[in-house]
Amino acid sequence: MADIDLEVVRHALTVARANGFASVEISVADASFSAILTPSLPVASVASVSESAVVVPPIALSIKAPVVGYFRNLSQALCLGMQVNVGDVVAEIVALGIANDVESKVTGVVKEVLVVDDQPVEYGQLIAVVEPA
């Protein structure tokens with residue numbers, strides 16, 4: 001039985017959402033995947049809303065969503081004042097039942113958390129603002 005590559009599924013979902021499709025169907029040999037998408041803003045609109053609504057100071061760093069899905073805190077929730085280092089797993093994003101780690105690419109102290117548990121997030125959406133240590 002053939003498997004469907006997770007990257008193909010992610011790409012199909014991203015393209016479908018960006019173009020306003022209501023569903024996605026993928027078939028590879030014996031394997032198939034389908035999803036009904038909930039209405040959302042196009043990716044370009046979400047990016048412009050996110051960037052204009054949140055003012056990030058020039059010296060601030062950020063943690064962004066690596067995939068589209070639902071934000072979930074770990075047992076140690078991402079919170080104000082938390083020290084993060086490069087490579088720390090600070091949360092996860094669940095897409096199609098698959099948990100994807102959100103790793104910090106910066107070192108510093110969390111100054112603002114911009115999402116809450118179970119909130120849908122887009123690829124590249126700001127999750128937290130970090131002040132360099």
Side-chain angles (χ1 to χ4, degrees):
M1 179 171 179
D3 289 332
I4 299 176
D5 183 12
L6 183 58
E7 290 303 315
V8 170
V9 172
R10 285 183 180 153
H11 178 71
L13 290 170
T14 301
V15 169
R17 281 200 180 271
N19 291 292
F21 290 104
S23 64
V24 172
E25 291 184 31
I26 303 172
S27 295
V28 176
D30 296 346
S32 65
F33 167 83
S34 64
I36 305 296
L37 304 175
T38 57
S40 65
L41 295 172
V43 173
S45 297
V46 171
S48 63
V49 169
S50 297
E51 292 170 5
S52 64
V54 177
V55 177
V56 179
I59 60 166
L61 305 171
S62 61
I63 298 174
K64 296 182 179 183
V67 295
V68 173
Y70 291 89
F71 178 83
R72 301 274 164 78
N73 274 307
L74 302 175
S75 58
Q76 171 63 39
L78 186 62
C79 60
L80 299 177
M82 175 184 236
Q83 174 68 38
V84 295
N85 297 306
V86 173
D88 287 353
V89 176
V90 296
E92 63 185 17
I93 295 178
V94 178
L96 302 172
I98 300 168
N100 299 277
D101 289 343
V102 178
E103 287 187 16
S104 176
K105 297 191 184 317
V106 298
T107 296
V109 177
V110 175
K111 289 299 176 188
E112 189 173 3
V113 178
L114 304 169
V115 293
V116 296
D117 258 349
D118 296 323
Q119 177 181 339
V121 294
E122 297 289 335
Y123 172 80
Q125 180 177 335
L126 289 175
I127 291 175
V129 177
V130 178
E131 184 177 280

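All values below come from the heavy atoms of this structure, side chains included, with hydrogens, waters and symmetry mates left out.
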(message) Please give me the minimum heavy-atom distance between Ala91 and Arg72, naming the atom from each residue.
(response) CB-O, 3.4 Å
(request) State, yes or no, whether a side-chain contact exists between Val110 and Leu78 at a heavy-atom distance under 4.5 Å. (result) yes
(request) Ignoring hydrogens and angles, tell me if any N or O in the side chain of Ser62 forms a donor-acceptor pair with the backbone of Ala128 under 3.5 Å. (result) no
Can you list, pair by pair, the side-chain donor-acceptor contacts under 3.5 Å of residues 96-104, counting residues two or more places apart and other chains?
| residue | atom | partner | partner atom | Å |
| --- | --- | --- | --- | --- |
| Asn100 | OD1 | Arg10 | NH2 | 2.1 |
| Asn100 | ND2 | Ile93 | O | 3.1 |
| Asn100 | ND2 | Ile98 | O | 3.2 |
| Ser104 | OG | Val106 | N | 3.2 |
| Ser104 | OG | Val106 | O | 2.6 |

(message) Please enumerate all residues that pass side-chain contact (heavy atoms from CB on, under 4.5 Å) together with Lys105, with sequence neighbours excluded.
(response) none
(message) Under the criterion side-chain contact (heavy atoms from CB on, under 4.5 Å), I'd like the reasoning laid out for Val129 against Leu114: C-alpha separation, chi angles, the key distance, then a yes or no.
(response) CA-CA 8 Å; Val129 177; Leu114 304 169; 4.2 Å; yes
(message) According to side-chain contact (heavy atoms from CB on, under 4.5 Å), who are the partners of Gln76, at least two apart in sequence or on a separate chain?
(response) Cys79, Met82
(request) List in chain and number order the residues that pass side-chain contact (heavy atoms from CB on, under 4.5 Å) with Ala77, two or more places apart in sequence or in another chain; answer none if no residue qualifies. (result) Asn73
(request) Work out which heavy atom in Ala95 is nearest to a heavy atom in Gly69; give both atom names and the distance. (result) CB-CA, 4.3 Å
(message) For a 4.5 angstrom cut-off between non-hydrogen side-chain atoms, does Tyr123 reach Thr14?
(response) no
(message) Please report the interatomic distance CD(Glu112) to CD1(Ile127), rounded to the nearest 0.5 Å.
(response) 13.0 Å
(message) According to side-chain contact (heavy atoms from CB on, under 4.5 Å), who are the partners of Leu80, at least two apart in sequence or on a separate chain?
(response) none
(message) Measuring only between side-chain heavy atoms, which start at C-beta, is Val68 closer than 4.5 Å to Leu13?
(response) no
(request) To the nearest 0.5 angstrom, please state how far the CD atom of Gln119 sits from the CD atom of Gln125. (result) 6.0 Å
(message) Any non-hydrogen side-chain atom of Val90 less than 4.5 Å from a side-chain atom of Leu74?
(response) no
(request) Hey, could you give me the CD1/OG distance between Ile36 and Ser23, rounded to the nearest 0.5 Å? (result) 5.0 Å
(request) Search all heavy atoms of Tyr70 against all heavy atoms of Asp118 and return the closest pair with its distance. (result) CD2-O, 3.4 Å
(request) Not counting sequence neighbours, list each pair that qualifies as a salt bridge (Lys or Arg N to Asp or Glu O under 4.0 Å) and has a residue in residues 73-94. (result) none
